[in-house]
Amino acid sequence: MTVDQGLRDLIYALALKYAIKYGGKTSTKSLVGKIIAIRPDVRSKVREIIPEIERIVKEVNEMTLEEQKTLLEKYAEMLPEEKPKEEKKGLPPLSGADVGKVRMRFAPGPSGPLHIGHSRAVVLNDEYVKMYKGKFILRLEDTNPKNVLPEAYEMIKEDVSWLGAKWHEFYIQSDRMQIYYEHARKLLEMGKAYICTEDPEVWRKKKVHGGKIPERELPPEDQLEKWEKMLDGDYKPGEAVFVVKTDLNHPNPAVRDFVGFRIVEEPHPRIGDKYRVYPTYNFAVAIDDHLMGITHVLRGKDHLVNTMRQEYIYEHFGWEKPYFYHYGLVSMENVILKTTVIKEGIKKGKFIGWDDPRLGTLRALAKRGISPEALRKYWIDVGLKEVDIKFSWDILYAYNRELIDRKANRYFFVWDPIKVRIKGTGRYEAKIPKHPNDLSRGYRVRTVELPTEVYISRDDWESIKEGELFRLKDLFNVKRVKDYLEYAGNDLSIIKRGSKIIHWICGEGIKTVVYKPDGSIVGGICEPEVLESVGKVVQFERFGYCRIERLPDGTVVGYFAHS
């Protein structure tokens, strides 16, 4: 399909509009649907126009934000008038929620620091507590000694604080063992629980397929005697468990009688060998949620069975149940979340730590320059939807770009640099703003006297044909002549005609290494002014946003956030 001038202008207009909206970058994929919406006649031939879209997107992405805004004025008339969008109303109200009385909790296990999946629960609970002027409880659930990382207790608190959430009460379950024991005895006395010493597999088969469980019918006094034997060490791990009675005819076999306590002889990293009988997740959670006055529980729908089990404990004690909300599951691609994998990777030296940029931990996101406000906005938009969704890195990055773009200074980073000679005469000055929309931050001033040599990226050099005219960003135009460049004036109109704009460094620059979340490492040089932004996020122009650190040997390290 031949791309007519009208369609070409529309593509330019849309590319410029959305590049400006998202901090200077757009993509072919994001534009196709918008083009079809305005020009339905191209739907059947969209594959034929994609090369032209890709060409225009590349040109637009190589421009500065200021250049994009100037050029958009030329194409603005191609854009249809937009209808005002209805403003989103935020999170939906909670059932039975009274202002000042809502109590909600975030309760992770301290097996490691928090990852991006945890942030959903933190943000939603914190937002609702703020909405209803309630109380936010942070509870660390550490009743599985085998799955406790000692340093995680403080790391989790730091991660929750980084997300901007403030807890009003703080609890650690291993401090509450006697409370769980008291409630275990009460259930045994009421005949609502029993001690099972039968082979675990035999017991499970009886639950699922039917069969008499003799110990289930023993009187409370016998159950209490066996309970004391569990506590005193008369049974070894696996020889006895405390079981909460439910309905043996429940349609879901997983809900039928469940284990509430088991024997664990491995020392607890925090409290040592003080206890040997530990509550399971469902038992401890139900007791704590009631005693802590939790009014609303937000959790993924993978917890539906856990909710049904916990409701039996509420019913046994005659307690009022909280409101349970089960949101859809979120699948995440291209990220490592599993704590056991990360622990092993750190141990073997594969990862530099819990903040390795390849990981999905909150520490890794912070290291890369992802702002907590962007995560908060993402999860508020997702809300309590019951449908399963796929996590969109593009959307998170768009939110983050909006937040960091106005703060991030601009610098040149030349990756895989090669030195190229420029022939000509004269003395020229490049006055490059550190931020195009905030000139008060100052400029990077470069004086270039021809002839001279500059560094440019090998990719750029190899993409330039002999005789091709292009622009050294914010400096002047040049033309390639065999293996060198030739000064070609300062006519800015070549940009509108589609000439390339590339960045450059004159002088030695500073050795730079950029670590990307896909595990790749990009080496090059950057401008010396980058050192003003150590610890901050900058934009390496035409490359992406990076958070900057500096090594003792002077090397600049950039942790890549996104383009």
Side-chain angles (χ1 to χ4, degrees), residues 88-94 96-142 149-176 270 284-285 288-300 322-325 327 330 354-355 360-384 396 399-400 402-404 407 535 537:
K88 290 187 177 181
K89 298 178 181 178
L91 294 173
L94 296 174
D98 296 322
V99 174
K101 295 182 179 180
V102 168
R103 291 174 62 87
M104 303 178 74
R105 48 79 167 173
F106 172 62
S111 59
L114 303 184
H115 58 62
I116 194 168
H118 293 117
S119 65
R120 183 182 193 180
V122 176
V123 168
L124 293 180
N125 279 284
D126 184 56
E127 283 292 322
Y128 274 119
V129 163
K130 289 174 179 174
M131 184 187 299
Y132 289 103
K133 296 180 172 58
K135 300 293 183 184
F136 181 46
I137 289 89
L138 176 59
R139 184 175 73 219
L140 302 187
E141 300 183 341
D142 62 345
L149 181 72
E151 52 266 41
Y153 290 92
E154 286 304 314
M155 295 169 87
I156 289 172
K157 289 159 71 171
E158 292 166 0
D159 291 341
V160 171
S161 296
W162 179 77
L163 281 168
K166 295 182 179 179
W167 59 88
H168 301 91
E169 298 173 21
F170 176 72
Y171 300 94
I172 300 176
Q173 285 190 334
S174 58
D175 289 336
R176 300 170 59 79
R270 182 170 176 269
V285 165
D288 282 346
D289 280 353
H290 171 72
L291 296 181
M292 294 174 191
I294 302 302
T295 59
H296 297 78
V297 175
L298 312 182
R299 50 173 42 152
Y323 290 89
F324 292 101
Y325 286 83
Y327 44 70
V330 180
W354 291 99
D355 61 352
T361 61
L362 299 189
R363 288 162 185 266
L365 296 184
K367 193 177 192 76
R368 291 170 49 199
I370 304 298
S371 66
E373 293 86 357
L375 270 177
R376 186 172 283 269
K377 181 172 173 55
Y378 185 95
W379 291 125
I380 291 172
D381 284 354
V382 172
L384 293 175
L396 176 65
Y399 290 158
N400 196 62
E402 289 176 5
L403 291 164
I404 66 174
K407 302 175 186 176
V537 177

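The shown structure was predicted, so the numbers you read here are calculated from the model rather than taken from an experiment.
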Any side-chain to backbone donor/acceptor pair from [X] onto [Y]? Under 3.5 Å, distance only.
X	Y	result
Y132	L94	yes
D126	V122	no
N125	M104	no

Atom pair [atom1] ([X]) and [atom2] ([Y]), whose distance is rounded to the nearest 0.5 Å:
X	Y	atom1	atom2	answer
T361	W354	OG1	CH2	8.0 Å
R105	F136	CZ	CZ	10.5 Å
K367	L362	NZ	CG	14.5 Å
N400	I370	CG	CD1	4.0 Å
L365	D355	CG	CG	11.0 Å
S161	I156	OG	CD1	12.0 Å

Do [X] and [Y] make a side-chain contact, defined as non-hydrogen atoms from C-beta onward lying under 4.5 Å apart?
X	Y	result
Y128	V102	no
L375	I116	yes
I380	E127	yes
Y325	R299	no
L91	M131	yes
Y323	T295	no
L124	Y327	yes
H296	R103	no

Measure across [X] and [Y] and return the closest heavy-atom pair with its distance rounded to 0.1 Å.
X	Y	value
M155	E151	CG-O, 3.0 Å
P113	D159	CB-OD2, 3.3 Å
A152	P110	CB-O, 3.4 Å
A165	R376	N-NH2, 3.9 Å
L149	G112	CD2-CA, 3.9 Å
V285	Q173	N-NE2, 4.2 Å

Side-chain donor-acceptor pair present, S174, R270, cut-off under 3.5 Å: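 There is such a pair between these side chains.
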Stepwise, does the salt bridge (Lys or Arg N to Asp or Glu O under 4.0 Å) test hold for R139 with D289? CA-CA 10 Å; R139 184 175 73 219; D289 280 353; 2.9 Å; yes
Between F170 and W167, what is the ring plane arrangement, given parallel below 30°, perpendicular above 60°, and tilted in between?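 Ring orientation, 0 to 90° scale: tilted.
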Please, which pairs that meet side chain to side chain donor-acceptor pair (under 3.5 Å) have at least one residue in residues 108-122, sequence neighbours excluded?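 Counting only pairs at least two positions apart or across chains, the side chain to side chain donor-acceptor pair (under 3.5 Å) contacts touching residues 108-122 are S119-W379.
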Just checking K166: does its NZ atom have more than 12 heavy atoms from other residues, nucleotides or ligands closer to it than 6.0 angstrom? no
Not counting sequence neighbours, which residues clear ring-ring contact (aromatic ring centres under 6.0 Å, His included) with Y153? List them please.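 With sequence neighbours excluded, Y153 shows a ring-ring contact (aromatic ring centres under 6.0 Å, His included) to no residue whatsoever.
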Please determine if R176 forms a cation-pi arrangement with Y171, meaning its NZ or CZ atom is less than 6.0 Å from the six-membered ring centre and no more than 45° off the ring axis.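 Yes, R176 sits over the ring of Y171.
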Criterion salt bridge (Lys or Arg N to Asp or Glu O under 4.0 Å) on E158 and R363, from CA distance to verdict: CA-CA 9 Å; E158 292 166 0; R363 288 162 185 266; 2.6 Å; yes
